[in-house]
Amino acid sequence: MEQADTTWIDVCSIDDIDEGGMYEFQHDANRIVIYRLEDGLFATDNVCTHEFALLSEGWLENGTIECPLHGALFDVKTGRVERGPADCALKTYAVRTEGTRVLCSV
Ligand code: FES
């Protein structure tokens, strides 16, 4: 169920994200990245929970994102840590489309 304080923002066109690709954006102080997988769109914080690195500069493969700095691996659907050195999950965000637009709840 959607929380009352959820705001959906219009981020980009679906054409801006290749399948298997990522789209990073900033909303207020939050840096967020949207992932386009075969089975849908998902979003997490774009900053690694270990130190400062942008996950959008890492590698997206098999539903996981690998941090470019020390190689932590996160499940992009749940934010869960699949491999350290990070030990804290990423925040996730709901994503949906409206026509060709991609919306993210922030
Ligand atoms: S900053 Fe991401 S694993 Fe260290």
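Throughout, numbering of the chain's residues begins at 1 and tracks the sequence. One-based numbering, in listed order, for ligands and for the atoms of each.
Side-chain atoms of Thr64 and Asp75 include no donor-acceptor pair closer than 3.5 Å.
Shown here are the protein N/O/S atoms lying under 2.8 Å from atom 4 (Fe) of ligand 1, water excluded: His50 ND1, His70 ND1.
Taking 4.5 Å as the limit, every side-chain heavy atom of Val81 sits out of range of all side-chain heavy atoms of Leu90. A heavy-atom distance below 4.5 Å is found between the side chains of Thr49 and Phe74. In this structure, the side chains of Ile65 and Met22 come closer than 4.5 Å at one or more pairs of heavy atoms.
No side-chain donor-acceptor contact under 3.5 Å links Arg36 to the backbone of Gly20.
For Lys77, the salt bridge (Lys or Arg N to Asp or Glu O under 4.0 Å) criterion is met by Asp39, not counting sequence neighbours.
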